[in-house]
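For ligands, and for the atoms within them, numbers begin at 1 and follow the listed sequence. Computed from a predicted structure; not experimentally measured.
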Amino acid sequence: MRTIDVILPLAIADTYTYSVPDAMSCPEAGMRVLVPLARKTITGLVYRIRTENSDEFVAKNIQIRDIIEVLDEKPIVLPSQLELWRWIADYYLCTIGEVMAAALPARLLDNEYTARTEVYISLHPRFTDIEQLQPVFDSLHRAPKQLRLLEYFLELSDVFEGTPHLVEQRQLIEYSGESTAVLRTLIEKNILCATHEVVSRIPSYEADIEPAHPLTEQQLRAVEAVRAGFAENKVCLLHGVTSSGKTEVYIHLIEQQLSMGKQVLYLVPEIALTTQLTDRLKKVFGRQLGVYHSRFSDMERVEIYKDLLENPEPKVILSARSGVFLPFRNLGLVIVDEEHDSSFKQQDPAPRYHARSVAVVMAMAAKANVLLGTATPSVESYYNAGTGKYHLVEMPERYAGLHLPHITMVDLKQQYHRKEMYEHFADPLVDKIREQLTEGKQIIIFQNRRGYAPYIGCRKCGYVPKCCNCDVSLTYHKRTNTLVCHYCGYTTTASANCPSCGGEWRDYGVGTEKIEDEVIGLFPEARVARMDLDTTRNKNSHQRIINAFARHEVDILIGTQMVTKGLHFNDVSLVAVLNADSMMQSPDFRSSERAFQMLEQVAGRAGRTGKQGEVVIQSFQPDNALYAYLQNHDYAAFYASQLKERKTFRFPPFYRLIVLTLKHRDYSRLDTAARCLSEQLRKVFGNRCSDVIIPPVARVQNLHIRTIRLRIEANASFAQAKSIVMQYVRYVQSLPNCKGTIIQPDVDPM
Ligand code: ADP
Ligand code: ZN
């Protein structure tokens, strides 16, 4: 009996064994197969052909079922990808099926991909010159619609001119305004012809190619240093201040790879926010650039996937984290831009992978290089550079001799005390904004909270509307007059008064909508735009806002962290941060690091051309050391302070973390499971394992939540620790009084 192990996109078991009927030729690893599962049929992917005999199944009296059909003639997943999936599943504690579900575009797995065809219209080949059309024109005398359509066709196609164009049916119909029925008549009369052709959904970039900019001296030195690091087979960390021209360094290194016939993966945190980068890369790389976009339709994703699978040609693929799942045959370099960004880590669902770590593993297997770039390295990466594991390359100067922005702190305590505030704007900030507006400059205002007010409460009875599915108050959105849960999306119309006593509402806290209202009140002459999750739900809305701001059709841009990322605007002279403290108040050990990164990044948007930019940070604790590091743009000092804390409080990079999240509808079962798991693990791991932790939001979507945190010394065997943890996870899940508890391991949580 020939048996194979098949991956199914499920979280239950890792692989499933099937037999191949004698009449069928044996599929190869990486091919899709149709298999029976219980009473259903499901598509799976061949993981491996089993070489061991199947006695164990016979002995255990397990019946192996036959596969139904082999769906591919050639593998759609490369052996290198299967190896990477294996690594991800083992490292991040999930099944290889869960990795597959994340890795393959859904339609590729389900075999629902269809090529797109376009109908092209041409002149019937019996006509070879314009003269021959005369009788046709005469005959169409009484059919003005047909005549008009034919004339439009001739105009679009230039058929008897030097270079005739292909005319799409859609284009012809649109242009002429005539119906397809009219067109059909012309085709029936053998005047025009229609042909179907397969076309790509991937937009092709045929715009003019421009050579890359010549590098500055600093950039040239960086390129050399990176190459030296690569020569030693080390991961390079490029630490370049904002606007030092890291992109130009990447472009240069990419060109070198392409000219050697290699492929490059260029990872960015969020593609939607990088239209400027995409445009820049298009100009330099033209058709050699592919963009793998989560907002693309799944069909478009399949086309990029298939293109890479079938063509090992030199290419650069710009992608968010899921680009690590593409089938590179000829990878030379992986760039992880903004390597510190937490969106490289997938939170939900599994696999909870970090694309930076996966990139390193994937590149190692392909003998390719890895370049991490950022203005604000993650503590982990900078630590690796310090120990010599990574090769550090620095660019401390901005391009064109610009200065890093000047940062001013405003003490909110003092401002409120002296009543020198207009709503959430301190007087000195108002003055500065007004000054910049008068000079025709642009301003970015950063407020890391969307909606109008994080919550509202009744003035009389104190009632606060809460989500019915989650233990969290609802955020008030004024534009839509709704109360919205930012955890589960639950939305309800805001009632005019308190439903419990009829009292009036009062709002607490401040989100981007309220700031927008205040800005309009303060600067009625300014043109204002807001960029947050709510204003960017449509496919091109990011781009529209960014373009409008770049063209200076907007004076003040208000936004959440979206405005901090990688954008480049010529006229922005001032960046304001309305309440910086809130970012540091979360109990997470990374909150200071995140605050520093976000503030340095948003500050970096100011003064990218011409005069030195200015940043105003409002804070209730302006003496916090973090602000001093920021004012001096002193990353190294900031890092040193963080590292000390990390060591004292036993966090990465000195310890590796695993967080177990337990969820259950039934509170008492959850409680039992969490206590039991923590107790068991503490017996093995001692104080490396925490007690049961109640998270700040302890119920989401009607599931109660508890967490348990483990810290494992960096030099201990992580694999062994994980395997012990999983044994206890399975044990607890098997206990009758814990039944139904979901336990989600998160390795290296962010
Ligand atoms: P970073 O990614 O380090 O913040 P960018 O790569 O976006 O910086 O560069 C900042 C600005 O400086 C961009 O407008 C870029 O076009 C310009 N720039 C950087 N290096 C060069 C160069 N060598 N020649 C021309 N322009 C450059
Ligand atoms: Zn909710």
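- Per-residue contacts place T247 under 4.0 angstrom from the following atoms of ligand 1 (heavy atoms of the residue considered): 2 (O), 5 (P), 6 (O), 7 (O).
- Considering backbone and side-chain N/O of G245, one or more are found under 3.5 Å from N/O of ligand 1.
- Defined by atom type and a distance below 3.5 Å, a donor-acceptor pair is missing between the side-chain atoms of H486 and R449.
- Between SG of C470 and SG of C485, the angle at the Zn ion (ligand 2) works out to 110°, rounded to 10 degrees.
- Residue T242 has no nitrogen or oxygen atom sitting less than 3.5 Å from a nitrogen or oxygen atom of ligand 1, judged on distance alone.
- Heavy atoms of V241 come nearer than 4.0 angstrom to ligand 1 in at least one pair.
- Within the 4.0 Å heavy-atom criterion, the part of P214 lying near ligand 1 is the backbone and not the side chain.
- Heavy-atom proximity to E248, at under 4.0 Å, picks out these atoms of ligand 1: 16 (O), 19 (C), 20 (N), 21 (C).
- Aromatic ring centroids of F549 and F569 lie under 6.0 Å apart.
- In summary, K514 and D507 engage in a salt bridge, as defined by a charged side-chain N under 4.0 Å from a carboxylate O.
- Using a 4.0 Å cut-off between heavy atoms, R280 makes no contact with ligand 1 at all.
- In this structure, T564 contributes its side chain and Q601 its backbone to no donor-acceptor pair below 3.5 Å.
- A 4.5 Å side-chain heavy-atom check between P396 and Q218 finds at least one atom pair inside the cut-off.
- Geometry at the Zn ion (ligand 2): SG/C467 and SG/C488 form an angle of 110°, nearest 10 degrees.
- Proximity of G240 to ligand 1 is not established, as no heavy-atom distance is less than 4.0 Å.
- The side-chain heavy atoms of I445 and I433, taken from C-beta on, include a pair separated by under 4.5 Å.
- Taking the side chain as every heavy atom from C-beta outward, Y635 and Y382 approach each other to under 4.5 Å.
- No side-chain donor from either of S343 and E270 sits under 3.5 Å from a side-chain acceptor of the other.
- When heavy-atom distances to ligand 1 are checked against a 4.0 Å cut-off, M395 has no atom that comes that close, whether in backbone or side chain.
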